[in-house]
Amino acid sequence: MRNRSASRGGCRDRRPGRIRHPRRPFPRRLRPAVAAWVEAALADGLDRAGRHFALAPCRLAPAEVAGWAAASGCAAVVTPWSPVGWTAEALGPVEAALAARGLPLLRLRRPWDSACWPLATRGFFAFRKHIPRLLQELLPPSPGGAAPAAGPTAA
C-alpha cells in the first residue's frame, strides 16, 4: 500500500501517523464543570501520547475512524478495552464501520483489568477485601525475591 505523509494522518509500518481521540468524547448531559475536566484530561492524555510517540496529535470523531484508517493504510485500529459506558457504546459503530472495510478493531485488556473486573460488582467496599490477594498476584516480585507486602506493616 502507498504510504501517506504523517501530516495527512498516514500509517507507516502499521504505526499511525497521528494519535486521535473523539471530538465529543462524552455525553451532553454532563455538567459544564465535569465536561471541562474530562476535556482537559483527554487533551492532556492526547498531548502526552503525541510526545511519547513523536506524532502530531489531532482529534477525530468516531464516525471518521474507519475512513481515516482505510485512507492511512492501517492494518488495524487498536483501542483500550472499554466494557461499558459511553466509550463502549461509541466503539460498536466504529467496529462495524471498520469491519465493513475489512479492518479489525483490536481491544486490548490489561492483566489487572482481567483480574479485577469480575470482582468489582458492588462498589469499592465489597471490592477492597480482594485487594491484598490481587496485589500479591499482580505485582512483580521485589528485587530480593520476596513478594511485596499487600498491606500496612507494623513498625
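Remark: R51 CZ to R48 CZ distance equals 6.5 Å, nearest 0.5 Å. For the atom pair CG (L108) and OG1 (T79), the distance works out to 8.0 Å, reported to the nearest 0.5 Å. Atoms CG and CD1, on L138 and I131 in that order, are 11.5 Å from each other to the nearest 0.5 Å.
Grouping the Ile, Leu, Val, Met, Phe, Trp and Tyr side chains by contacts below 4.5 angstrom, directly or via other members, places W81 with V84. L135 and F127 fall within the same hydrophobic cluster, defined by Ile, Leu, Val, Met, Phe, Trp and Tyr side-chain heavy atoms under 4.5 Å apart, directly or through other members. Two different hydrophobic clusters hold V94 and V78 under the rule that ILVMFWY side chains link at heavy-atom gaps under 4.5 Å.
Minimum heavy-atom separation, A75 to P104: O-CD, 3.3 Å. Nearest heavy atom pair, residue R101 against residue A70, reads NH1-CB, 3.5 Å.
Residue pairs meeting the side-chain hydrogen bond (donor to acceptor under 3.5 Å, both in side chains) criterion with at least one partner in residues 117-129, sequence neighbours excluded, are absent. For residues 103-115, every residue pair satisfying the side-chain hydrogen bond (donor to acceptor under 3.5 Å, both in side chains) rule, not counting sequence neighbours, is listed here: E95-R107, R109-S114, R110-D113.
Among residues two or more places apart in sequence or in another chain, the ring pair (Phe, Tyr, Trp, His ring centres under 6.0 Å) test is passed with W37 by none.
For the side-chain contact (heavy atoms from CB on, under 4.5 Å) with L103, the qualifying choice from L98, V65, V77 is L98, the only one to do so.
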